[in-house]
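Accompanying notes for the structure given below.
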There are 2 protein chains.
Amino acid sequence: MTVTIYDVAREAGVSMATVSRVVNNNPNVKPATRKKVFEAIERLGYRPNAVARGLASKKTTTVGVVIPDISNAIFAEVARGIEDIANMYHYNIILCNADKKKEKEIRVINTLLEKQVDGLLFMGGAVTEEHQQAFRTANVPIVLCATSEESGNLASVDIDHEAAAYDAVQALIKQGHTSIAMISGTLEDPSNGYARFSGYKKALAEAGITYDESLVRIGNYRYESGADAMRYFLDLEQRPTAVFSATDEMAIGAIHSIQDRGLQVPGDISVISVDNSRMASMVRPQLTTVAQPMYDIGAVSMRLLTKLMKKENVDQAQVVLPHELVVRQSVGGSK
Amino acid sequence: MTVTIYDVAREAGVSMATVSRVVNNNPNVKPATRKKVFEAIERLGYRPNAVARGLASKKTTTVGVVIPDISNAIFAEVARGIEDIANMYHYNIILCNADKKKEKEIRVINTLLEKQVDGLLFMGGAVTEEHQQAFRTANVPIVLCATSEESGNLASVDIDHEAAAYDAVQALIKQGHTSIAMISGTLEDPSNGYARFSGYKKALAEAGITYDESLVRIGNYRYESGADAMRYFLDLEQRPTAVFSATDEMAIGAIHSIQDRGLQVPGDISVISVDNSRMASMVRPQLTTVAQPMYDIGAVSMRLLTKLMKKENVDQAQVVLPHELVVRQSVGGSK
DNA sequence: CTGTTAGCGCCTTCAG
DNA sequence: CTGAAGGCGCTAACAG
């Protein structure tokens with residue numbers, strides 16, 4: 001039924017070693033016999049079995065990627081960066097959604113390892129001791145992608161979330177705002193949650209603005225939660241003149257809540273966030289936001305992983321990509 | 001270095017066959033020896049090698065999915081549906097972007113087949129003779145996911161794009177519109193392009209409205225192209241009172257072009273589209289659109305694929321999922 | 001430049 | 001209920 005390397009060898013009148021060589025582009029084959037082999041392959045419709053090859057060579061040319069949620073535009077963008085580079089280096093990716101849930105993450109890491117991936121790209125929530133444990137038992141390189149980790153002995157690529165948030169809030173402060181609310185993610189989330197919240201507090205502190213707990217709401221990153229949070233702020237007797245949202249999507253929800261009250265953005269209230277997802281320029285007013293290079297984060301992590309898999313030495317295994325304030329239309333001066 | 005089934009066998013004082021049995025949950029093992037084996041596994045930190053298993057059993061419990069572009073929200077949603085169901089049935093997915101490019105599609109299909117996937121989910125552009133050819137050489141089931149194919153001898157799941165478009169345009173007609181423009185995708189794209197365009201023409205014809213070529217522009221599905229197309233329509237001496245966009249994203253671009261001219265949606269011009277991506281309710285006015293159940297398309301295709309892989313018999317291998325008009329705020333009556 | 005020979009780690013009859 | 005033995009299809013020395 002299935003045609004193997006052995007069949008090709010017989011058909012071409014050579015040994016299987018020779019067939020293996022031509023299939024693997026080994027230069028040590030006379031052009032004439034190479035041709036013979038190719039013809040036999042063609043004639044028989046031979047297709048190399050990558051599983052057998054993987055068992056024999058101990059390399060699968062596939063990498064595992066655990067991602068929170070592929071249907072989230074931000075992560076999907078990262079994934080595309082990963083896949084493009086993987087493809088360039090002839091790797092395939094096994095994609096697993098884990099929703100930043102620890103149990104799920106550990107589970108998929110293990111099945112990925114069972115499948116003998118040559119490397120692992122981990123995009124998740126907090127990196128716990130259990131994660132470290134699982135990583136240690138892996139005999140393949142791992143790089144954290146868009147996920148924070150303290151210890152610094154794991155390879156990683158991300159932006160500096162705290163600094164990004166800091167820059168966003170400072171942009172507001174520079175416009176004269178002093179009453180600045182924040183729509184945060186859960187503080188359990190190290191990067192999009194805690195770090196961005198820290199950046200907010202830091203910018204406030206540095207500007208001598210006292211932190212006001214009632215000006216912070218925790219959202220779940222979705223549009224509706226941003227809209228809800230904003231409604232809450234609008235109902236305050238002393239409503240803020242500006243709001244910093246941890247993500248674009250919540251910011252857009254906030255903008256619409258403001259507009260639905262008959263108020264203007266940025267005329268009455270300014271809105272800024274972090275992400276620069278494609279949606280940021282697809283709303284009116286267009287969103288001023290701190291850009292985080294999602295595609296590049298994916299691409300760079302994958303590139304780093306290929307180096308690690310080839311045992312090339314890398315000088316810097318913790319890379320922090322730059323972020324950048326993108327000024328559009330949602331921020332104005334304080335009145 | 002790596003601990004194998006053989007090591008476990010020795011450690012537990014049984015044969016490798018027995019270890020294999022307990023690892024695979026074969027009931028024919030005495031509880032006592034099962035326990036011994038589990039302890040040995042624990043002690044040694046044994047992790048089954050799925051590649052070896054795959055070679056021996058000829059099953060990899062992984063399916064290939066070729067997708068146009070994972071960073072496109074629509075496809076990302078499908079992908080999530082696929083992965084959720086795959087996960088439920090203990091399959092993993094190898095994800096390949098192919099951008100609806102024939103060459104790329106054929107290439108990844110072949111590498112996926114080399115990797116011995118147990119099944120293939122194909123989401124692409126046109127299904128050419130070459131595709132059929134590649135599919136024929138596969139010894140595993142294949143299901144087309146959100147991609148049209150005439151012959152009807154391939155398993156598939158999708159919506160009826162022509163009918164969806166027809167319904168959208170008819171919704172406009174019911175509001176009294178007779179001058180209806182269309183922002184189409186490329187006609188080379190069978191589903192999102194050609195079929196939706198056909199639905200548009202059909203609805204027009206049925207309502208006795210003569211088709212006007214100058215009222216159709218081809219976009220590339222992106223926001224900007226929708227905005228461009230709309231600007232073109234706005235410059236017409238006889239500008240349309242309504243526009244049907246093949247996708248949400250282009251519709252949003254169109255809305256903004258209208259608003260940027262100081263015109264109102266739907267007051268001056270109505271806009272409708274097909275997709276119902278999450279963005280549809282994240283713009284103002286919220287978009288009236290024909291919903292296409294992306295997640296379900298993914299989930300149902302994967303479910304169908306599992307059945308095919310298990311050789312269960314399926315009564316209907318061509319499934320057409322229902323679409324539905326979602327009325328929001330972007331359509332109004334003709335003046 | 002080419003062939004021979006061992007495995008890679010596991011599943012799967014077939015006996016017992 | 002358990003063990004022995006023969007592959008799965010290919011790579012990787014090692015000879016020649």
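All values reported here derive from a predicted model rather than from experimental measurement.
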Integer-rounded Å distance: [N] [atom2] and [X] [atom1]:
X	N	atom1	atom2	answer
A:Ile5	D:dC8	CD1	P	14 Å
B:Lys115	D:dC8	NZ	P	23 Å
A:Arg34	C:dT2	CZ	P	9 Å
A:Asn139	C:dG9	CG	P	12 Å
A:Met16	C:dA6	CE	C1'	11 Å
A:Lys36	C:dC1	NZ	C1'	12 Å
A:Asn24	C:dC1	CG	P	17 Å
A:Asn26	D:dA13	CG	C1'	13 Å

Any side-chain N or O of [X] less than 4.0 Å from the OP1 or OP2 oxygen of [N]?
X	N	result
B:Thr18	D:dT2	no
A:Lys58	D:dC10	no
A:Thr2	D:dG9	yes
A:Ser20	D:dT11	yes
A:Ser57	D:dT11	no
B:Arg53	C:dC11	yes

_Side chains of A:Val63 and A:Met302 in contact at under 4.5 Å (non-hydrogen atoms)_ =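 Side chain of A:Val63 against side chain of A:Met302, heavy atoms only: contact under 4.5 Å found.
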*Decide yes or no for B:Tyr194 and B:His161: does some side-chain heavy atom of the first lie under 4.5 Å from some side-chain heavy atom of the second?*
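SC-SC contact between B:Tyr194 and B:His161 ruled out.
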Name the closest nucleotide to the [X] side chain, picking from [options].
X	options	result
B:Arg21	C:dC10, D:dC1, C:dC14	C:dC14
A:Ala17	C:dT12, C:dT2, C:dT4	C:dT4
B:Asn28	C:dT2, D:dT2, C:dC10	D:dT2
B:Leu55	C:dG3, C:dG9, C:dC11	C:dG9

_Within 6.0 angstrom of A:Lys35 NZ, more than 12 heavy atoms from elsewhere_ = no
*Taking atom types as they are modelled, is there a donor-acceptor pair under 3.5 Å from the base of D:dG9 to the side chain of A:Arg47?*
no
*Are any of the side-chain nitrogens in B:Glu129 or B:Arg136 under 4.0 Å away from the carboxylate oxygens of its partner?*
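Judged by the 4.0 Å cut-off on N to carboxylate O distance, B:Glu129 and B:Arg136 do form a salt bridge.
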_For A:Thr61, is there any backbone N or O sitting under 3.5 Å from a side-chain donor or acceptor partner on A:Asp118?_
yes
*asked:* Here's a test of your reading of the structure: between B:Ala56 and B:Gly13, which maps to the more 5' nucleotide of DNA chain D?
replied: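 So the residue in question is B:Gly13.
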*Identify, between B:Lys30 and A:Tyr6, the residue whose nearest nucleotide on DNA chain D lies closer to the 5' end.*
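Its nucleotide being nearer the 5' end, the pick is B:Lys30.
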Students often get this wrong, so: under 4.0 angstrom with heavy atoms, is [X] touching a base, only sugar-phosphate, or nothing?
X	answer
A:Val14	sugar-phosphate
B:Thr4	sugar-phosphate
B:Asn49	sugar-phosphate

*Atom CG in B:Asn92, atom CG in A:Leu112: separation rounded to 0.5 Å?*
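Reported to 0.5 Å precision, the distance equals 6.5 Å.
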